[in-house]
Amino acid sequence: MKIASVIVDVPAKQTDKTFDYLIPQRLENVVVPGVRVNVPFGPRNIQGFVTGIKTESDFKKLKEIVEPLDLTPVLNKELLTLGDWLTEHTLCYKISAFQVMLPAALKAKYEKKVILPDDRKRNELEEEIQTLFNGATEIGWQEVVDNNLVALLKKESDRGLVEVVYQVKDRLRKKRLKHIKATLNRSELQVEIDCLTPQAKGQKVVLEYFLENHDDQVDMRTLLSATGASQATVKTLVKKGLLSEKYIEVYRDPYGEREFAHHEPLPLTNAQEQVITPILSSIEDDRHEVFLLYGVTGSGKTEIYLQSIQRVLNKGEEAIVLVPEISLTPQMVKRFKERFGDLVAVMHSGLSAGEKYDEWRKIQRREVKVVVGARSAIFAPFENLGIIIIDEEHETSYKQEENPRYHARDVAIQRASTHGCPVVLGSATPSLESFARAQKGVYTLLNLPKRMNEQPLPTVDIVDMREELREGNRSMFSRNLFEKLQDRLEKGEQTVLFLNKRGHSSFVMCRDCGFVVNCPNCEITLTYHRFQDLMKCHYCGHEEKVPTTCPECTSEHIRYFGTGTQKVEEELTKLLPEARVIRMDVDTTGRKGSHEKLLNAFQEGEADILLGTQMIAKGLDFPNITLVGVLSADTMLHLPDFRSSEKTFQLLTQVSGRAGRHELPGEVVVQTYTPEHYSIELAGPQDYDRFYNQEMMARKVHKYPPFYYLSLVTVSHEELMKAVSVTEKITRFISSRLSSEAVILGPVASPIPRIKNRYRYQCLIKYKKEPELRTSLKSILDHYQQETASGSLQISMDLNPYILM
DNA sequence: AGCACGCCGACT
DNA sequence: GTCGGCGTGCTC
């Protein structure tokens, strides 16, 4: 008797263990570790993952597996083990770990229905229930609830007239296209064509098409567009038996309509040769090693990636390339597709659930060898990984900010060590953590200090905006920047203007008393949206109208303030009416593909100025950009986050890298109210080493990473007192279990003290070595299990948090 | 997470 | 005496 151990789809403490099920004889060869199954669980049926097969169980009354949901496992052995690792390292449930490794399309959808097991007994039903069914044999459970008939239905169910059933469904199906084929041979076809009545023109064209392309089967869409016939015409021919139709599984290919010219490897420079040699030897020896590829923008890191991957492919192995979501641009994808063609799968959030699922299936079916994708691509189900590359290693988007709170870099290193293959972390501004590890020799440091074309770095002017104000310039453009803007316009060169992300940009303030409108639920400043003339909360979506008078002092001088991209755009058109501006922010790039369209337009020279947020800081590589302006470098610097200096430095460096990448020299203007800050000062000459030393000193003094590890516990509750008292208890408990070396900060209100009407308190633990910490944190979760399950209390734990707000 | 079971207050 | 409130505990 075969028994399956199953992790069921119930994310809760009590169910975070395997449940045993009998495997029916007929399913013995299908139900293997890694397949999803439909199992009875209590009164309902739910999805589960088979994690192991055994022959005995401690449990007496085992139920049988209802049906498998896969014919081949969706998780291989390595990923099953990786799931355990994830659970352990992020304190998440097993089921969440498995689900995060798979495309969302594979997540189960549950349907609760009521059916009539015996249609003939329909008349015996109570009148109201009969009306509800209204002739149908099944109805959704929700309808019963909506009509307040649950109690009545229960009676009918006890009488055996109706039955409540639970269905487990995949969220999505494979896409299938109708394909048409001729059933007759050529001469027979010809006969049929001749027999057609003269008015059957459409049929004639279709048949002639098959006469020409006889052996092919063709999908409906192509056939219709090739012949100009209608669907009805084809259907008639199928009915006549002259054609046959069948469904063939196809991939939704987001890049399917594009042609990619093949590109050969480029010759490497000496510097590149030196850097790639140790990577290649690690590949050859199947040796796990982590490389930190530290190379300035434009130093040719991508070519290193491409040629390393080529070596991996030559060995018959596979590669994962992680790229931050925002730089996963078509340009980036193109470089990989041009080199490796159809062997590349692309995964990013712009794809629909179906497209993601299809890309994933290409990997699962061994049809591709390289995956280029954002964070979650790290779980690509390859079996012979030969290399993992993480580009822009310092990017915070590699950290998932919801459960399971994993960092793709950690997962990469974990996977690479089981596969015995190298990890390459690439960046022009490495995270302090990684650079420190390289300094210590944990990672191997590879250096590409020069730009490929020996282009000098752009000159950077740092403009003190306080000075501008003192001189009477109240505009958002300094005189320096404005002059340069005009100059570029005259020369027909392009400018990129960079503004920090929205939310910090535009808010409503009373000019008389300084009152700022906050969200009633979240206590953060409401963002003003000019387009709808509304104020919105960034966190909970709360909206309200702009007050006409100040609620504090009744002054009428209350209006929006600060600089959003829209406002900059307005001022630009006022000051430089002849300038053509493209604005890129969340509002203008919301729709799929609009991001690309705007960039293309800019590349084609359809605009002089590209104005945008974060998203334009990366990957832009257009020859005609000779000026980059950063409108306010401070916004990021003053965020309540110990990494804000690092982020500011990285951002400024990154943005400066956009200028003058080709023949024309570049200039950068950075506007700031704190020009003396080292992260701004050193970003100008792109002096990473000095920045690193300065910032390391600060981190050491304040006991932050990389000198200390962090863990963050956040408690939220609708009642302030409850949130505080629980956080206090937790803090006391943790400190009793820590060594004297550790530091615990808190309880304090979270930087955002209230979200969606819940008060948030937190404590932050700084430590060097606390082997017992994870166990302690787990026991806290256990202790509050009941209260968290009911939803009144929320406790989130982040081992190694990236956002401390 | 659901869902059943079970033990206390306000109704026919 | 019963309906129904939601606290408690189980699901292979």
Side-chain angles (χ1 to χ4, degrees), chain A residues 1-25 27-28 31-69 80 87 91-100 104 106-114 126 140-158 162-169 171 402-404 717-719 722 781-796:
Chain A
M1 190 57 83
K2 288 278 184 74
I3 293 164
S5 302
V6 175
I7 295 285
V8 293
D9 182 14
V10 181
K13 190 82 222 164
Q14 292 155 296
T15 49
D16 192 29
K17 55 176 178 139
T18 58
F19 287 80
D20 293 344
Y21 288 90
L22 286 175
I23 304 173
Q25 201 113 56
L27 296 178
E28 268 183 15
V31 178
V32 293
V35 302
R36 295 170 305 146
V37 285
N38 179 353
V39 291
F41 194 67
R44 59 212 167 110
N45 283 359
I46 57 174
Q47 194 189 84
F49 288 86
V50 177
T51 56
I53 303 293
K54 52 188 182 179
T55 49
E56 274 174 47
S57 171
D58 298 335
F59 208 84
K60 293 282 167 283
K61 293 170 289 181
L62 294 183
K63 292 185 182 174
E64 271 195 355
I65 286 174
V66 177
E67 56 165 355
L69 296 167
L80 282 170
T87 311
L91 303 180
C92 70
Y93 303 125
K94 288 252 158 57
I95 187 70
S96 317
F98 291 150
Q99 276 168 353
V100 80
L106 294 182
K107 219 180 149 194
K109 213 173 101 192
Y110 299 105
E111 234 175 328
K112 190 177 178 181
K113 285 183 181 169
V114 186
E126 292 279 348
W141 175 256
Q142 197 54 45
E143 285 184 59
V144 183
V145 177
D146 292 346
N147 289 286
N148 231 340
L149 291 171
V150 176
L152 195 58
L153 195 95
K154 172 106 177 61
K155 273 190 199 145
E156 304 292 55
S157 160
D158 291 341
V162 298
E163 206 176 313
V164 178
V165 293
Y166 299 85
Q167 284 182 351
V168 184
K169 282 184 177 167
R171 217 155 265 270
E402 60 205 53
N403 275 324
H717 196 276
E718 285 191 5
E719 289 158 41
K722 179 72 180 176
L781 289 177
D782 281 353
H783 182 258
Y784 288 102
Q785 189 256 115
Q786 220 128 40
E787 283 175 89
T788 47
S790 70
S792 61
L793 182 71
Q794 282 173 16
I795 302 179
S796 96

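Every heavy atom of this structure was used, including side-chain atoms; hydrogens, water molecules and symmetry mates were not.
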Interatomic distance where OH belongs to A:Tyr110 and P belongs to B:dG2 [whole Å] = 9 Å

ask   = Roughly how many Å is it from CG in A:Asp20 to C1' in C:dT11, rounded to a whole number?
value = 13 Å

request  = Quick one: label A:Lys112 by what it contacts on the DNA or RNA (base, sugar-phosphate, nothing), any heavy atom closer than 4.0 Å.
outcome  = sugar-phosphate

Side chain A:Lys13, main chain A:Tyr784, donor-acceptor under 3.5 Å = no

inquiry  = So A:Lys60, base contact, sugar-phosphate only, or nothing? Heavy-atom distance under 4.0 Å.
reply    = nothing

query = For the side chain of A:Arg44, counting heavy atoms from C-beta on, which of C:dC10, B:dG2, C:dC12 is nearest?
reply = B:dG2

ask   = Within the structure, does a side-chain N or O atom of A:Lys61 lie under 4.0 Å from either OP1 or OP2 of C:dC12?
value = no

inquiry  = In whole Å, I'd like the distance from the CD atom of A:Gln794 to the P atom of B:dA1.
reply    = 10 Å

ask   = For the pair made of CZ in A:Phe41 and P in C:dT11, what is the distance, rounded to whole Å?
value = 8 Å

task = Give a yes or no on whether the backbone of A:Val10 and the side-chain of A:Tyr93 come within a donor-acceptor separation of less than 3.5 Å.
result = no

ask   = Which listed nucleotide (B:dA1, C:dT11, C:dG9) is nearest to the side chain of A:Phe19?
value = C:dT11

query = Atom CH2 of A:Trp141 and atom P of B:dA1: how far apart are they, to the nearest Å?
reply = 20 Å

request  = Write down the distance between CD (A:Gln14) and P (B:dA1), rounded to a whole number of angstrom.
outcome  = 10 Å

ask   = Should the pair A:Asp20-A:Lys54 be classified as a salt bridge under the 4.0 Å nitrogen-to-oxygen rule?
value = yes

message = When you measure from the side chain of A:Gln167 to the backbone of A:Lys113, do you find a donor-acceptor pair of N or O atoms at a distance under 3.5 Å?
response = no

message = What's A:Tyr166 touching, base or sugar-phosphate or nothing? Going by heavy atoms closer than 4.0 Å.
response = sugar-phosphate

request  = Round to a whole Å and report the spacing from CG of A:Asp16 to P of C:dT11.
outcome  = 16 Å

ask   = Between A:Arg44 and A:Tyr110, is there a donor-acceptor pair closer than 3.5 Å when you use the side chain of the first and the backbone of the second?
value = no

query = At under 4.0 Å between heavy atoms, what does A:Tyr21 touch on the DNA or RNA strands: base, sugar-phosphate, or nothing?
reply = sugar-phosphate

query = Which nucleotide in the set B:dA1, C:dG9, C:dC12 lies at the smallest distance from any side-chain heavy atom of A:Gln786?
reply = C:dG9

key: Rounded distance in Å - CD (A:Gln785) to P (C:dG7)   = 16 Å

